[in-house]
Amino acid sequence: MTILNICCCRPSRDYVYDLSMDRCSRCFPCLADPARRSALGLKVALVGVHLIYAAILFLFDASDFIQKTKTQPWYTCAYLLLFVATLVQYFITSSSSPGYVFDAIRAVYESNTIYKRDPVASKQPASSKYGSVVVTVDSSQTGLSGSNSTYWSKLVMDLQPPGTPVRTFTCSYCNVEQPPRAKHCQDCDKCVLQFDHHCVWLGTCIGQGNHCKFWWYLLEETALCLWTGFLYITYLKAHIARTWWKVGIVILLLIILSISLIFLILLLIFHSYLIMTNQTTFELVRRRRIHYLRGVAGRVHPFSEGVCRNIFNFCCGRTSGYRLEPVPTAEELEEKSRPYTCLDCVTCRCC
């Protein structure tokens, strides 16, 4: 009977596991959410892969690596600088906000409040030459009252095509009016401005706020993979007849690197095309499901303002606030669908 009581009082494995996980969640709140825990695991894995590829180069070819560093220190410093810059850009992109609709609503609320208090010195939403609304964000973040909610609804309705029902662009999850090009992300559970896609490796959405950072990360990652692959090929040429197991590991890593490099190059080219035409991945893939793109021909890019202006807006035009683009009118769509002529090429209509 005594032995039975001792066995019954012994804590079970599940209880010990739950207790340890509870303590871990208190010390590290980021590990409490399964989604954030999975994203953190992918980040650790990606950083580990980078470190493995760099460590193999040094461990297998330490003497030659040190000798090359002495003779050409700029070469090694440039590679290490690119290596560190790529990882830094990765964490900057993963921690940046893609631009949420609720943040834009707060910005409109603040701008509207300041305008009512001081119409002269306010930072009210301004219309640009092309009809886009630029919302300047202040440092304070406050709630949205009923009157300002009506102001946001009117603002969004002015950006949508005339006669569009409100329920068409109202999010069924957040219950807010989405401006054109916005979409609700199921993974983040938020509406994202100019939604492109949800990147699993970054653990965040790619949208208006971080699409530029994402492109620069792709560029740096592609350059780093090309350089690393060149170093691996150079090692194989110099040590192909030496230790077989080292050569086998290098060949295996080089094959994996080549496959990753192909995807990176294709992804970089694809997003460069999206930038030059002012499109998003969601708009390109789900064109028929978006209400303001259903009747538009596939070769027509409604939000494009020319290659040069698209690149400028992408790189420099989104640092001061949120850019809300209206849906082009039927006349503007007809003008953009007009075939190019020799005169258009001379006058740089595409730019």
Side-chain angles (χ1 to χ4, degrees), residues 28 30 38-98 199-204 206 209-272 275 311 314-316 319:
F28 305 98
C30 60
S38 176
L40 181 61
L42 288 174
K43 292 178 182 179
V44 172
L46 189 138
V47 174
V49 169
H50 283 74
L51 294 177
I52 289 173
Y53 271 90
I56 291 296
L57 285 174
F58 179 77
L59 294 176
F60 285 7
D61 198 15
S63 58
D64 294 344
F65 185 80
I66 295 174
Q67 187 65 28
K68 290 179 182 178
T69 304
K70 292 180 180 179
T71 56
Q72 296 177 330
W74 61 269
Y75 189 84
T76 305
C77 290
Y79 177 78
L80 293 178
L81 182 62
L82 178 61
F83 182 85
V84 175
T86 302
L87 291 180
V88 170
Q89 185 66 31
Y90 169 76
F91 284 105
I92 289 176
T93 307
S94 62
S95 60
S96 60
S97 172
C199 183
V200 179
W201 288 99
L202 290 171
T204 185
I206 303 300
N210 59 358
H211 199 174
C212 184
K213 299 183 181 67
F214 177 72
W215 186 89
W216 280 108
Y217 166 68
L218 288 179
L219 180 64
E220 295 175 9
E221 190 72 64
T222 303
L224 181 63
C225 288
L226 283 171
W227 201 338
T228 304
F230 174 77
L231 293 177
Y232 270 68
I233 293 174
T234 304
Y235 173 83
L236 286 177
K237 289 181 178 179
H239 305 86
I240 192 64
R242 296 191 182 181
T243 311
W244 64 270
W245 62 272
K246 290 184 179 180
V247 174
I249 293 177
V250 172
I251 292 176
L252 178 61
L253 292 177
L254 188 59
I255 293 174
I256 299 174
L257 184 64
S258 302
I259 298 174
S260 303
L261 184 59
I262 293 174
F263 282 102
L264 281 173
I265 292 176
L266 293 177
L267 194 61
L268 181 63
I269 295 175
F270 175 70
H271 278 274
S272 300
I275 293 167
I311 295 176
F314 181 82
C315 297
C316 309
T319 57

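For the numbers below, each heavy atom of this structure counts, side chains included, while hydrogens, waters and symmetry mates do not. This is a predicted model, so every value here is computed, not measured.
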Please report, to 0.1 Å, the donor-acceptor pairs under 3.5 Å made by any side chain of residues 247-260, with sequence neighbours excluded.
| unit_1 | atom_1 | unit_2 | atom_2 | d |
| --- | --- | --- | --- | --- |
| Ser258 | OG | Leu254 | O | 2.7 |
| Ser260 | OG | Ile256 | O | 3.0 |

Can you list the steps and then say if Leu46 with Leu42 is a side chain to side chain contact (heavy atoms under 4.5 Å, CB included)?
CA-CA 6 Å; Leu46 189 138; Leu42 288 174; over 6 Å; no

Checking side chain to side chain contact (heavy atoms under 4.5 Å, CB included) for the pair Leu57/Tyr79: CA distance, chi angles, key distance, verdict?
CA-CA 12 Å; Leu57 285 174; Tyr79 177 78; 4.1 Å; yes

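A heavy-atom distance below 4.5 Å is found between the side chains of Leu51 and Phe83. Residues Thr204 and Pro98 meet the side-chain proximity criterion, which asks for heavy atoms closer than 4.5 Å.
No side-chain donor-acceptor contact under 3.5 Å links Tyr90 to the backbone of Glu221. Looking at Ser94, its side chain does come within 3.5 Å of a backbone N or O of Phe91 through a donor-acceptor pair.
Between Thr93 and Asn210, the closest heavy-atom pair is O-ND2, 4.0 Å.
Scored by the side chain to side chain donor-acceptor pair (under 3.5 Å) test, Thr76 finds Thr69 as partners (sequence neighbours excluded). Partners of Glu220 under the side chain to side chain donor-acceptor pair (under 3.5 Å) rule, at least two apart in sequence or in another chain, do not exist in this structure. Applying the side chain to side chain donor-acceptor pair (under 3.5 Å) criterion to Thr86, with sequence neighbours excluded, gives no partner residue. Not counting sequence neighbours, Trp201 has no partner by the side chain to side chain donor-acceptor pair (under 3.5 Å) test. Checked against ring-ring contact (aromatic ring centres under 6.0 Å, His included), His271 has the following partners two or more places apart in sequence or in another chain: His197, His211, Phe214.
To the nearest 0.5 angstrom, His50 atom NE2 is 6.0 Å from Cys225 atom SG. Rounded to the nearest 0.5 angstrom, Leu231 CG and Tyr235 OH are separated by 13.0 Å. For the atom pair Ile311 CD1 and Cys212 SG, the distance stands at 11.0 Å (nearest 0.5 Å). Rounded to the nearest 0.5 Å, atoms CG (Leu264) and CG (Leu219) are 10.5 Å apart. Leu218 contributes atom CG, which lies 8.5 Å from atom OG of Ser272 (distance to the nearest 0.5 angstrom). A distance of 9.5 Å separates CG in Leu261 from CG in Leu266, rounded to the nearest 0.5 Å.
For Phe230, the CZ atom counts as loosely surrounded, since its 6.0 Å shell holds 12 or fewer non-hydrogen atoms of other residues, nucleotides or ligands. The neighbour count for Phe263 CZ, taken as heavy atoms of other residues, nucleotides or ligands under 6.0 Å away, does not exceed 12.
Using bins of under 30°, 30° to 60° and over 60° for the plane-to-plane angle, the ring pair Phe60/Trp245 lands in the perpendicular bin.
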